[in-house]
Amino acid sequence: MPENPLLTEPDDTGRKLPKTFEPGSFEERWYSVWENDGRFQPSGVPGSPRFVMVIPPPNVTGKLHIGHAYGRTIEDILARWKRMLGMRVLWVPGTDHAGIATQMVLERQLARQGIDRRELGREKFVERVWAWKSEAKDTIQAQMKRLGCSLDWTRERFTMDPDLSRAVRHVFVKLYEEGLIYRGRYVVNWCPRCETAVSDLEVVHRETDGSLYKIRYDVAGVRDGATVATTRPETMLGDTALAIHPEDPRTANLAGRTATLPIVGREIPILADAILVNREFGTGVVKVTPAHDANDFAMGQRHDLSSVVVIGPNGKMTEEAGEYAGLDRFEARRRIVARLIEENRLSVEPYRNSVGHCQRCDTVIEPYLSEQWFVKIAPLAGPAIRAVEDGTIRFVPESWTKTYFEWMKNIHDWCISRQLWWGHRIPAFTCLNGHVTVSEEDPSACPTCGSAPLAQDTDVLDTWFSSQLWPFSVFGWPEKTPDFLDFYPTDVLVTGYDILFFWVARMIMAGLHFTGQAPFSTVHLHGLVRIGGEKMSKTKGNVIDPLEAIAEFGADAVRFTLASAASSGATVSVERGRMAGSRNFATKLWNAARFTLSSLEGQKVPEDLGTRPLSLPDRWILSRLAGAARDVNRHLSEFRFDEAAASIYAFVWHDLCDGYLEMVKPVLSGREGTDEARESLRGVLLRCLLDSLALLHPFMPFLTEEIWDKATGRPGTLIVSPFPTGEGVPTASDAERVIEAVRALVTRVRNYRGERGTTPTEPVELWVSPESPDRELAARIPSVAPLLRHLGRIPEVLFEAPPASAFRDVVAGLSIGLRVKEASAESGGARTDKALAEIEAEYEGLSAKMRNPSFIDKAPPAVVEKTRRRLTELEERRAALSAGRS
RNA sequence: GGGGGGUUAGCUCAGCGGUAGAGCUCCUGCUUUACACGCAGGUGGUCGCAGGUUCGAUCCCUGCACCCCCCACCA
């Protein structure tokens, strides 16, 4: 065997692909090569076509799970695809400080050491969080590198970096000056465990079986008093009124009277309020607790009621609760219920209602009256709605548009202050005289009265307040930095639909308001990863760690699996079986490459295939390759990663490996064909391999780069090599038809052997009749006789009408005859019967259709014609099969 | 209370007007000069139920059943 110069050049030692495919042996190496070569940084001149994404910054709470890997894989596929298409690609990495979530992680860590953060003090605590953040960031970064994400690490950002913090502060001050940020005492969602306010979105409602308590209040002059219903009886201690509907006859006798609050003995007015009270609902009387219910608070404002806070920030009853002070709210509830029963004032019935829980720690949320900062959101929502209406921003899949509109149109003010230590401190300063200053720079003295010192607000901002600025704060905004001018607005945002409101909607509002531009033009909302149909959770133990999966199957296989699982649905199902399947595919490609490279014998990268005559299989595979390239590009442009993956998978495995490689072996080995044919074929073979590698690179970057290196001797350059588009390559429909017919014939021969129960090598005689239904095709079959003989292991193919003794059938429009010398006892009779029955059934159905005048009349002519042809085909097959039976 | 999605082969999912596909599983053969993580065949589906529209429905419409998700100030 001649030496392959590609494999033997001195500097090419080890260029041969090892026999076994071991992804772990090269994956990390290629990542370093790409990174060191600056491939992840945008190249090319400003102004040329660019593609920009920002990563949804993962929380620095721990490590990434497979759901993150899924989103990042999608982004990396887009990034690599666009990069190979020649665009200046920038994908910005970073992490989110995730205020409440990260603080919780640290609190738990401290708790394990028996430390309460309050013992530590704010400064020491925050120091520890920073240390943790640095650790978590490293872990996350390593995970994304291992996955192959082509992120530009020179531009990595963190939401609490100095310049990003500056952006936050700038935005806060601007909104404050515009009157869109205000401070006030309102009833907010309060988590007694986290001891902070949370926004409406951070409250998770769950249907819960509980009780409805009906409490009778004494009313002077009314014998039966007034009965109110509540699910939280302990709040009655804070009642400052009862409310009735002004037009409800049931409660008219209570109007203007005074009730006595049980236990407490406080006299409270009975007021009419049409807004709070629903005429039809319950007893018609409502207890009013302005400090612990948002509706009651609003009612209190309308009627100038006082607010009595009876439950404190830690969930324990306050001094206002009298004898219950210091008790946990639920213990207080039990005791109050007991007391009211004792006093014969209470009836209890089972009741199912929705109870709010803290998104982070699952503690039951307590509505709580406190001083908070809010964003007046409606003025920001309008432009954000219009940007989607007018197509400036589009959602993929489009169905999210409606959800977005629904939420935006019913949007409520956003509580942005958090009573936490980890996060952006609110830039509001109060002097000794109570003047409040909000400013970008820390003031040294009060601008109003000149007094000093000033105390900064101790609260921090909701994490999402900084995340909403991410698409522009990462570029240094509000400074007009070169990066901001060059890369903003971004192009595509990829994220899970679960943060559509938390993040996406707010980025759109913030982007439009502050930069005057939509932060991105396309939002791809993907589903959430499920394992075996269940949501991933630590308690269920079904969490897949991306690193473990990568260790077992290789990063390429994990990525390919995730891409293949991508669908437009709300859930993305990932299974181990899929991972193994992808790994098998990677191995398949590896072996196909080994075979191809070992067959090249010095063939260089084909620059131009047009100068040599191409065989029918050559033209077929090149046509299929171009088709696959077009499909992959089309599917990627439609965010159909599953379809794109399936297209390239089917091409590589079923067309290239199962088809072309097998067809070509006799010529390659020298058993058949001319030297010229061999030369030509090698060029085609290499072209197919290289284009497959390119098409597959966005999905399986490591393996493809490894093979590319061995095939071309240009290490680390596939990542920036042109992506095949298949444009301008005409479909070789004649070659496709002939080759597909060959494959169908070969399958039929194998089938026939199976039916006869003979071995795969049993000599079979094959007749292909020139008098076939498709004569044109039949006339071309003699030219591919060697292929038929080789693939079907058929000693002789005869181009004449089959003898009566042969088994007859019609395949792909060709009338054929088959005969085996020695059939075993098991004949194909049963299968032929089955085939005939199927033909009969279909024939019946179709001919009934053809007899229907309105079908002929109304169906498109093409459909009618197709049906007619199919009928003819069935007739011929039926005739052939029946005739072939003895 | 409002809104959205789902129900297709044993499993996980594509398809969404012209009588169904993939991967995995399963069955039967096979050391065919890349690959047993393979090759070649094959089994397997009244496309949730009932109506309607249509020449024709898994695909469109209506209703029902079961499942999932989101939103909501459900005393």
Side-chain angles (χ1 to χ4, degrees), chain A residues 17 19-21 187 200-201 205 212 228-232 243 276-278 281-289 293-298 351-354 367 399-400 402-403 406-407 410 412 497-498 500-501 528 530 532-533 553 557 561 564-565 567-578 580-599 640 642-643 646 649-650 657-658 661-662 665 668-669 671 746-747 750-751 753-755 757-761 790-791 793 831 841-842 845-846 849 852-860 862-864 866-867:
Chain A
L17 288 171
K19 186 157 194 293
T20 47
F21 167 57
V187 170
D200 295 345
L201 284 177
H205 293 275
L212 186 66
V228 302
T230 179
T231 53
R232 298 183 297 146
L276 181 70
V277 186
N278 181 339
F281 194 85
T283 60
V285 190
V286 180
K287 63 192 274 303
V288 183
T289 321
D293 184 286
N295 289 320
D296 293 5
F297 179 78
Y351 193 69
R352 192 170 170 78
N353 73 331
S354 179
S399 56
W400 289 107
K402 186 175 178 185
T403 309
E406 288 300 313
W407 188 72
N410 298 301
H412 295 293
Y497 68 82
D498 55 328
L500 171 59
F501 306 142
L528 274 20
R530 306 235 158 183
F553 300 105
T561 303
S564 308
S567 70
S568 50
T571 62
V572 177
S573 211
V574 174
E575 295 178 297
R576 294 184 60 82
R578 289 295 279 250
S582 301
R583 185 254 278 122
N584 296 353
F585 177 53
T587 311
K588 185 76 182 174
L589 180 70
W590 181 266
N591 284 304
R594 277 205 310 132
F595 175 78
T596 301
L597 295 184
S598 72
S599 312
R640 286 305 304 262
D642 55 338
E643 296 284 1
Y649 179 99
C657 292
D658 294 345
L661 289 185
E662 293 304 326
K665 276 177 180 174
L668 267 186
S669 70
R671 277 182 281 130
V746 168
T747 296
R750 288 168 177 159
N751 238 322
R753 284 203 184 90
E755 288 161 14
T758 63
T759 68
T761 48
H790 163 246
L791 293 174
R793 292 156 172 270
R831 268 204 210 162
E842 192 179 343
L846 291 183
K849 218 174 198 179
N852 182 348
S854 44
F855 173 69
I856 307 291
D857 204 38
K858 295 186 178 170
V863 172
V864 177
K866 199 177 154 192
T867 308

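Per chain, numbering begins at 1; letters A, B, ... match sequence-line order.
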Show the distances under 3.5 angstrom between N or O atoms of the protein and N or O atoms of nucleotides 16-22 of chain B.
none

message: I'd like to know whether Leu661(A) forms a side chain to side chain contact (heavy atoms under 4.5 Å, CB included) with Thr596(A), so could you lay out the CA-CA distance, the side-chain angles of the two residues, the decisive distance to 0.1 Å, and finally the verdict.
response: CA-CA 8 Å; Leu661(A) 289 185; Thr596(A) 301; 4.3 Å; yes
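- In this model, the phosphate group of G41(B) is approached by a side-chain N or O of Thr747(A) to a distance below 4.0 Å at OP1 or OP2.
- Heavy atoms only, all atoms of each residue included: Val572(A) and Ala565(A) are closest at CG1-O, 3.5 Å.
- The side chain to side chain donor-acceptor pair (under 3.5 Å) search around Arg793(A) returns none, not counting sequence neighbours.
- For the ring-ring contact (aromatic ring centres under 6.0 Å, His included) test, residues two or more places apart in sequence or in another chain that qualify with Phe585(A) are Phe560(A), Tyr649(A).
- Scanning atom types as modelled, one donor and one acceptor separated by under 3.5 angstrom connect the side chain of Glu662(A) and the base of A34(B).
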Please tabulate, one pair per line, each protein N/O and nucleotide N/O from nucleotides 43-47 of chain B that are separated by under 3.5 Å, including the distance.
unit_1: U43(B); atom_1: OP1; unit_2: Lys834(A); atom_2: NZ; d: 3.2

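- The interatomic distance linking Phe501(A) (CZ) with C70(B) (P) rounds to 10 Å, in whole Å.
- Rounded to an integer number of Å, the gap from CZ of Phe595(A) to P of G38(B) is 17 Å.
- A72(B) atom C1' lies 12 Å from atom CG of Leu201(A), rounded to whole Å.
- Looking at the side chain of Lys588(A), the nearest of the listed nucleotides C39(B), U12(B), C55(B) is C39(B).
- For Pro367(A) against Val187(A), the heavy-atom pair with the smallest separation is CB-CG1, 3.6 Å.
- Within the 4.0 angstrom heavy-atom criterion, base atoms lie near Val285(A).
- Among A72(B), A75(B), C35(B), the nucleotide with an atom closest to any side-chain atom of Ser354(A) is A72(B).
- At a cut-off of 3.5 angstrom, the base of C37(B) holds at least one donor-acceptor pair with the side chain of Thr587(A).
- In terms of the side chain to side chain contact (heavy atoms under 4.5 Å, CB included) criterion, residue partners of Ser354(A) (sequence neighbours excluded) are, by chain and number, His205(A), Glu207(A).
- Distance from the side chain of Arg594(A) is smallest to C35(B) among C11(B), C35(B), A40(B).
- Contacts of Leu661(A) with the nucleic acid, taken as non-hydrogen atoms under 4.0 Å apart, include base atoms.
- Annotation: salt bridge (charged side-chain N to carboxylate O under 4.0 Å, His left out) contacts of Arg583(A) (sequence neighbours excluded): none.
- Spacing between atom CG of Asp200(A) and atom P of A72(B) amounts to 6 Å, rounded to whole angstrom units.
- To the nearest angstrom, P of G38(B) lies 10 Å from CG of Asn591(A).
- An OP1 or OP2 oxygen of A40(B) is reached within less than 4.0 angstrom by no side-chain nitrogen or oxygen of Arg750(A).
- At the heavy-atom level, Arg640(A) lies under 4.0 Å from the strands shown only through sugar-phosphate atoms.
- In this structure Phe595(A) satisfies the ring-ring contact (aromatic ring centres under 6.0 Å, His included) test with no other residue, sequence neighbours excluded.
- To the nearest 0.5 angstrom, Asp293(A) atom CG is 7.5 Å from Leu276(A) atom CG.
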Any protein N or O atoms within reach of nucleotides 3-10 of chain B? Criterion: under 3.5 Å, listing atom names and distances.
unit_1: G3(B); atom_1: O3'; unit_2: Lys402(A); atom_2: NZ; d: 3.3
unit_1: G4(B); atom_1: OP1; unit_2: Lys402(A); atom_2: NZ; d: 3.0

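- Contacts of Arg793(A) with the nucleic acid, taken as non-hydrogen atoms under 4.0 Å apart, include base atoms.
- Heavy atoms of Asn852(A) sit under 4.0 angstrom from primed sugar atoms or phosphate atoms, though from no base atom.
- The NZ atom of Lys665(A) sits 7 Å away from the C1' atom of U32(B) (whole-angstrom rounding).
- Taking only side-chain nitrogens and oxygens, Arg583(A) never comes nearer than 4.0 Å to OP1 or OP2 of G23(B).
- Put simply, Asn584(A) has a side-chain N or O that comes within less than 4.0 Å of OP1 or OP2 on G38(B).
- When heavy atoms are screened at a 4.0 angstrom cut-off, Tyr351(A) is found touching the sugar-phosphate backbone but no base atom.
- Under the rule for a side chain to side chain contact (heavy atoms under 4.5 Å, CB included), the partners of Arg750(A) that lie at least two apart in sequence or sit in another chain are Val746(A).
- At whole-Å resolution of the value, CZ in Phe281(A) and P in C74(B) are 9 Å apart.
- Among residues two or more places apart in sequence or in another chain, the ring-ring contact (aromatic ring centres under 6.0 Å, His included) test is passed with Trp400(A) by Tyr497(A).
- Nearer the 5' end of RNA chain B, as judged by each residue's closest nucleotide, is the contact made by Tyr497(A), out of Tyr497(A) and Val286(A).
- The interatomic distance linking Asn751(A) (CG) with U28(B) (P) rounds to 18 Å, in whole Å.
- Residues Leu17(A) and Ala593(A) come closest through the heavy atom pair CD1-CB, 3.8 Å.
- Ala646(A) pairs by the side chain to side chain contact (heavy atoms under 4.5 Å, CB included) definition with nothing, not counting sequence neighbours.
- Comparing Glu643(A) and Val746(A) against RNA chain B, the residue whose closest nucleotide sits nearer the 5' end is Glu643(A).
- When the P atom is compared between G18(B) and C61(B), the two are found 16 Å apart, to the nearest whole Å.
- In this structure, Ala229(A) reaches the bases: a heavy-atom distance under 4.0 Å links it to at least one base atom across the strands shown.
- The residue Asp293(A) sits apart from the nucleic acid: no heavy atom pair falls under 4.0 Å.
- Side-chain nitrogen and oxygen atoms of Thr230(A) include none within less than 4.0 Å of the OP1 or OP2 phosphate oxygen of A75(B).
- For Ser669(A), the side chain to side chain contact (heavy atoms under 4.5 Å, CB included) partners two or more places apart in sequence, or in a different chain, are Arg671(A).
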